[in-house]
Amino acid sequence: MIPVSMVGRVGELAELDRAWSTVAGKGRPSPAVTVITGAAGVGKSLLVAAAVEGLHPRPAVVLTGTARVHDPAPYDWLAAVLSGRDVGALDLPSDALAWLAQQPTAPRERYAPGTLLRLAVRTVRLLVGTGPAVLVVEDLHDLDPASLNLVVELATAPRLPALLVVASRPPADAVAPELTRRVLARLCGVRGAVRQHLGPLGVAEVAEILTQVYGGSRPPAGVCAAVRQRTGGNPYALTELLAEHAGQGLAALVGEPSPEHPRLPTPRGALPDVELTGREVDVLGCLVAGMSNKQVARALGISVRTVTVHVSNLLRKTGSASRTEAALWAVQHRVPDAGQLRG
């Protein structure tokens, strides 16, 4: 049986596995590149995680990095890769390494951009070694320009035994839409690159998920269609809906929102009838309290990655341009429980 998180993504998993086989077989002169795009919550990160977990033979090295959404800095991706690693043995200038790792003790004087880029590529080469390796770039749409340049350089780096997996929202959702569009075009233009665009789940796929979650026979077609319409086929929205109504039966999935799943008015310019999940209300309460993503994660017992997704969804749903605006929105609309954490 296909895991719930991978329903509708079997073909993409197989493509990633085939791309890895070209690297593991040591027959490629440069990295294999896979670019995965899709809207927020469509399951890009889940697909990447499942693919990496299932690779055979196992990668000798996995390097994963992402953007700092609300406080970007040069080479965020590489800094995330280096975080927590013992890099003292790397054959690199210590001051350059400190700067690339964004260490507080890094010297104020920096290298020329071209020199720093070459050192960044060398850093990755040293970490990869003889490989084979997987390089995972999450949230390319939020990355800083220096990181974007590095990703493009890695995609065409000769004799780098690695599978480069890049996940991104469409350029229209990016911090720098035109730059992101150009970078994605260059990555997809690399010889042999695999391009995957994850769309919403269809009614049949929603039905398969509901069958697995609730067990037994296939749910009525009308229920599946209604759930698909309510969630837009978005896997994240579907997961949240299932979590909100766990133990309540299928009928609850198509009913009216409960106090735990409030539908609220929005300010002018935002989408009407905002529907927040209970967890989103929790996160919104943390934003009202002025917490950072790490503090929210610690307070709610969830990962920073999950907090980032919740914050992104809150900004979109409330029509806010920043965390502060979202917090003000919560206060103005007296969102239930947004001022306090739930036990």
Side-chain angles (χ1 to χ4, degrees), residues 5 39-46 48-49 64-73 76-77 79-81 83-84 102 104 136 138-144 167-169 173-175 231 234-246 257-264 266-267 270-271 274-343:
S5 61
V42 80
K44 299 182 294 295
S45 295
L46 287 174
V48 172
T64 302
T66 188
R68 291 193 301 181
V69 179
H70 301 292
D71 188 22
D76 268 343
W77 180 81
V81 166
S83 178
Q102 299 177 356
V136 178
E138 292 272 16
D139 296 336
L140 178 119
H141 55 276
D142 279 329
L143 278 177
D144 59 280
S168 177
R169 294 184 195 173
D173 296 338
V175 173
T231 62
N234 184 287
Y236 174 80
L238 178 56
T239 299
E240 286 287 292
L241 183 65
L242 291 170
E244 285 296 309
H245 299 288
S258 68
E260 292 295 309
H261 201 173
R263 179 169 290 158
L264 304 164
T266 60
L271 297 173
V274 169
E275 186 174 309
L276 302 181
T277 68
R279 181 59 81 191
E280 286 170 347
V281 171
D282 288 341
V283 173
L284 195 53
C286 293
L287 298 189
V288 171
M291 293 185 186
S292 67
N293 281 7
K294 286 186 178 179
Q295 290 171 325
V296 175
R298 192 177 303 113
L300 300 181
I302 57 180
S303 70
V304 175
R305 163 68 54 191
T306 300
V307 173
T308 301
V309 172
H310 283 309
V311 171
S312 178
N313 286 338
L314 284 168
L315 296 182
R316 173 176 54 82
K317 288 183 176 183
T318 63
S320 302
S322 67
R323 299 159 66 93
T324 302
E325 281 191 21
L328 289 174
W329 183 91
V331 173
Q332 291 168 355
H333 291 84
R334 300 176 182 176
V335 178
D337 295 328
Q340 58 185 0
L341 295 181
R342 299 185 304 175

- Message: Taking Lys317 first and then Glu280, would you say they form a salt bridge - that is, a charged N and a carboxylate O separated by under 4.0 Å?
- Response: yes
- Item | Between Ser292 and Arg298, a side-chain donor and acceptor under 3.5 Å | no
- Exactly one of Asp144, Asp142, Thr66 clears side-chain contact (heavy atoms from CB on, under 4.5 Å) with Asp76, and that residue is Asp144
- Query: Which residues pass the side chain to side chain contact (heavy atoms under 4.5 Å, CB included) test with Ala80, sequence neighbours left out?
  - Reply: none
- Set of side chain to side chain contact (heavy atoms under 4.5 Å, CB included) partners for Ser83, sequence neighbours left out: none
Test of understanding: with side-chain hydrogen bond (donor to acceptor under 3.5 Å, both in side chains), list the residues that count as partners of [X], not counting sequence neighbours.
X: Ser45; value: Glu138
X: Ser303; value: Thr306
X: Asn313; value: Arg316

Do the side chains of [Y] and [X] get nearer than 4.5 Å, heavy atoms only?
X: Ser168; Y: Asp139; value: no
X: Val296; Y: Met291; value: yes
X: Pro235; Y: Val42; value: yes
X: Thr64; Y: Val81; value: no

- Message: Does anything in residues 306-328 form a ring-ring contact (aromatic ring centres under 6.0 Å, His included)? List the pairs, not counting sequence neighbours.
- Response: Tyr236-His310
- Item | Leu314 vs Leu276, side-chain contact (heavy atoms from CB on, under 4.5 Å): CA-CA, chis, key distance, verdict | CA-CA 8 Å; Leu314 284 168; Leu276 302 181; 3.9 Å; yes
- Rounded distance [0.5 Å steps], CG in Leu284 versus CZ in Arg323: 11.0 Å
- Report the C-alpha distance between Val307 and Ile302 in whole Å, list the side-chain angles of each, state the deciding distance to 0.1 Å, and finish with yes or no for side-chain contact (heavy atoms from CB on, under 4.5 Å). CA-CA 7 Å; Val307 173; Ile302 57 180; 3.6 Å; yes
